[in-house]
Asks: 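Quick one: the structure is below, and I'll ask about it shortly.
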Amino acid sequence: MPAPSIRRLTVAQAVVEYLVAQQVERDGQAGPFFGGIFGIFGHGNVAGLGEALEARQDRLRYYQARNEQAMVHLAAAYAKAQRRLRALVCTTSIGPGATNMVTGAAMATVNRLPVLLLPGDLFATRRVAPVLQQLERPESEDVSANDAFKPVSRYWDRINRPEQLLSALPAAMRVLTSPAETGAVTIALPQDVQAEAFDFPVDFFETRVHVVPRPRPDAALVARAASWLAASRRPLVVAGGGVLYSDATEALDRLATRFGLPVAETQAGKGSLAWDHPWNTGPVGSNGGLAANRLAREADLVLVVGTRLSDFTTASWTAWQAPGVRFVALNVAEFDAAKAGALPLLADARAGLDELGAALEAIGWSGTEGGYRAEVASLRAQWNAEVARVRDLGHQPLPSQGEVIGAVNDAAGPDGVVVCAAGGLPGDLLKLWRTPRPGGYHLEYGYSTMGYEIAGGLGVKLAQPERDVYVMVGDGSYLMLSAELATAVQEGLKITVVLVDNHGFQCIDDLARSKGEDNPFNRFRMRDPASGALSGAPLPIDYAANAASLGAHVLRADGVAGLRGALEQARGVPGPVVIVCEVDGSVGVPGYESWWDVPVAEVSASPAVEAARAAYETDVRRERRFR
Ligand SMILES: Cc1ncc(C[n+]2csc(CCOP(=O)(O)OP(=O)(O)O)c2C)c(N)n1
Ligand SMILES: [Mg+2]
């Protein structure tokens with residue numbers, strides 16, 4: 001008798017059995033790809049996936065979440081901290097539970113982070129319709145709320161028959177483990193199909209190792225890139241997130257050091273070189289610093305590595321002003337390598353940097369000239385002095401946000417990780433945070449989603465329990481999505497949340513004012529009964545009491561000295577800590593010869609808006625297209 005070659009499982013059981021058998025290997029090291037599953041049950045997953053997971057708690061641990069959007073943030077942060085070599089799964093009920101994940105899916109896809117989303121779906125049999133939470137469409141029965149995931153997923157499928165899993169799950173794994181294509185993967189699971197049994201082939205559940213390759217660039221193009229570099233007088237490297245994902249930090253260090261190449265950082269790439277590395281010139285772009293922004297302006301050759309070249313990196317395409325400036329784009333994704341009319345080096349960042357270094361050796365280039373090196377050193381010194389100044393303003397009576405960042409950075413030490421996503425903090429962190437080690441700076445600035453911060457911090461802590469995680473969150477973001485503090489308490493995940501209270505959506509208020517607006521739309525003020533405007537007393541929100549009510553250990557920081565004391569105290573607390581710190585929102589960190597394109601009203605009754613429009617029309621002329 002031949003061994004039975006089928007296993008009779010429900011579709012939900014088959015999904016779980018398949019997921020636990022998936023491994024990923026890079027550079028010869030293999031491990032399980034899925035680190036667990038977050039979920040909130042309801043109809044659409046409780047009797048299907050819920051039953052299947054109960055039986056497999058030994059291999060795929062289930063974690064409760066409070067909010068479906070937050071759990072996708074958590075999963076994406078986990079994947080980022082794992083350099084995309086591990087991921088989490090998210091399961092939801094149908095309807096609102098499912099569509100709550102759409103924002104998270106978009107965020108993961110924008111940031112190229114793998115997350116596997118398993119929303120429940122309507123009955124495939126359509127036996128009962130409309131079911132609770134069904135979005136009916138008169139023109140078609142082949143549509144559900146889950147179709148909203150299509151434009152925000154890199155792979156989307158709906159399992160209407162059990163055997164569809166046999167192609168859908170491998171396709172999902174291909175996308176999740178692809179450095180070039182990864183993002184949100186959505187597999188909608190109709191709830192009747194989840195519970196249906198099927199004779200699956202046994203070998204479908206055998207351990208499968210997905211090898212993440214390090215594609216090498218085209219040899220002729222590497223030679224050309226090397227000749228362009230050797231001919232340049234003012235080259236600049238821009239390090240994006242791809243450097244970190246590819247573990248290319250040492251390769252970048254070697255190339256920069258050997259040839260005297262200044263390196264500028266993006267939000268996703270910050271930490272590619274230690275902040276005090278002799279060739280790290282700091283951030284570039286709209287929130288860039290004076291060293292990198294000046295170097296960028298006059299650069300004649302820009303080597304961009306692992307970056308999407310978002311408007312914040314390119315300062316809305318005003319960053320590069322030298323006539324004839326050329327780009328070389330090293331990227332694992334063809335889509336990104338083709339940007340800026342660049343010479344495309346379609347490759348893994350580490351492999352590409354190594355090959356470029358070898359090609360430069362082969363043509364005997366000794367690197368940049370002494371004059372340029374001296375200029376870089378001088379700009380670096382000026383920039384580091386400016387950062388020190390802003391981190392230590394001594395503003396009274398309330399501290400500035402820059403001082404708070406300095407204090408948290410000091411407390412985080414060499415191995416701490418800072419997590420942030422939206423508000424005024426990301427720009428200030430990009431300028432002021434000093435990252436000693438790769439992975440110490442974790443910003444979600446692709447989608448810049450308010451509410452990512454606390455959930456993201458938990459994802460990082462789950463991925464890297466040995467590192468201290470510091471979440472910096474604005475009062476606005478905190479109000480939007482902070483309930484995962486309860487999850488932190490439940491799971492004993494220690495994160496230190498520094499809640500920066502400036503009584504409103506301060507960065508938007510600043511932006512509105514810089515464009516001539518004069519309204520209270522972005523401040524947290526009571527509506528004034530007399531005027532009817534949002535200009536009354538500050539909202540009486542007690543953030544400390546709010547966080548304490550969720551079970552967090554809470555500390556109130558009074559000034560910078562109080563904050564330093566609270567951070568010290570937080571060290572000894574085993575569970576999550578929230579430190580509430582009021583700042584003076586009117587004291588911002590300056591911009592450094594940079595710009596961001598935010599169009600201003602072309603006609604307005606307000607002279608301030610008219611003036612802002614006139615300035616806009618001058619500035620926008622500096623935008624250069626590179627196609
Ligand atoms: C989900 C979401 N909604 C809206 C925005 C637009 N937005 C960006 S920053 C911001 C204000 C953030 O306020 P807060 O967290 O207090 O930070 P602050 O600006 O005060 O530093 C808003 C509304 C966003 N990024 N994400
Ligand atoms: Mg605020």
Side-chain angles (χ1 to χ4, degrees), residues 67-74 76-77 99-111 152 267 286-287 310-312 390 398-405 408 418-433 443-457 471-485 497-515 517 519-525 534 538-544 546-547 557 578-591 596 598:
N67 174 296
E68 292 89 352
Q69 179 185 325
M71 77 191 182
V72 185
H73 293 326
L74 190 156
T99 52
N100 261 358
M101 293 202 294
V102 173
T103 296
M107 178 276 307
T109 293
V110 168
N111 287 284
V152 293
Q267 282 280 14
S286 305
N287 283 322
S310 87
D311 61 347
F312 266 87
V390 178
L398 288 174
S400 68
Q401 182 160 282
E403 292 170 89
V404 169
I405 289 172
V408 177
V418 67
V419 180
C420 190
L425 278 164
D428 292 358
L429 281 164
L430 183 68
K431 290 169 190 160
L432 305 181
W433 190 268
L443 260 282
E444 190 282 282
Y445 211 63
Y447 210 44
S448 189
T449 320
M450 290 171 71
Y452 176 92
E453 299 86 349
I454 290 172
V471 172
M472 297 199 71
V473 60
D475 48 339
S477 265
Y478 178 89
L479 285 177
M480 200 171 277
L481 203 47
S482 49
E484 298 313 317
L485 278 174
V497 178
V498 179
L499 194 167
V500 180
D501 183 9
N502 52 24
H503 310 285
F505 300 141
Q506 182 71 48
C507 72
I508 309 296
D509 193 55
D510 292 345
L511 187 58
R513 258 154 244 289
S514 76
K515 302 298 174 193
E517 287 179 45
N519 58 54
F521 296 170
N522 302 295
R523 296 173 177 246
F524 293 173
R525 295 295 179 114
L534 294 169
L539 286 191
I541 305 169
D542 187 341
Y543 294 103
N546 181 282
V578 175
I579 302 174
V580 181
C581 186
E582 193 181 357
V583 299
D584 185 339
S586 70
V587 204
V589 178
W596 186 38
V598 177

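We number each residue from 1, following the sequence as shown. As the structure lists them, so they are numbered: ligands from 1, and atoms in each ligand from 1. Note that the coordinates shown come from a computational prediction; the quantities given were computed from them, not determined experimentally.
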Asks: Verify the distance test for Gly504 against the Mg ion (ligand 2): any N/O/S atom under 2.8 Å, yes or no.
Replies: yes
Asks: Quick one: closest heavy-atom pair of Tyr478 and Val473, and the distance?
Replies: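 Smallest heavy-atom distance, with atoms named: N-CG2, 3.6 Å.
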Asks: Hey, is the Mg ion (ligand 2) within less than 2.8 Å of some N/O/S atom on Asp475?
Replies: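 Asp475 does place an N, O or S atom closer than 2.8 Å to the Mg ion (ligand 2).
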Asks: Would you check if the Mg ion (ligand 2) lies under 2.8 Å from any N, O or S atom of Asn502?
Replies: yes
Asks: In chain order, what residues pass the salt bridge (Lys or Arg N to Asp or Glu O under 4.0 Å) check against Arg525, with sequence neighbours excluded?
Replies: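 Here no residue qualifies.
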Asks: Show, in sequence, the C-alpha distance, side-chain angles and deciding distance for Glu517 and Asn519, and conclude whether the side-chain hydrogen bond (donor to acceptor under 3.5 Å, both in side chains) test is met.
Replies: CA-CA 6 Å; Glu517 287 179 45; Asn519 58 54; 2.9 Å; yes
Asks: List by chain and number: which residues place a heavy atom under 4.0 Å from ligand 1?
Replies: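 Ligand 1 is contacted, at a heavy-atom distance under 4.0 Å, by Gly423, Gly424, Ser448, Met450, Gly474, Asp475, Gly476, Ser477, Met480, Asn502, Gly504, Phe505, Gln506, Cys507, Ile508.
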Asks: As a test of understanding, state which of Val498, Leu425, Val589 forms a side chain to side chain contact (heavy atoms under 4.5 Å, CB included) with Ile405.
Replies: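 Answer to the side chain to side chain contact (heavy atoms under 4.5 Å, CB included) test with Ile405 among Val498, Leu425, Val589: Leu425.
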Asks: Any side-chain heavy-atom pair from Ile541 and Leu479 closer than 4.5 angstrom?
Replies: yes
Asks: Parallel, tilted or perpendicular: which describes the rings of Phe312 and Trp596, with under 30° parallel and over 60° perpendicular?
Replies: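 Tilted.
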Asks: Do Met71 and Glu484 come within less than 4.5 Å of each other through their side chains, counting heavy atoms only?
Replies: no
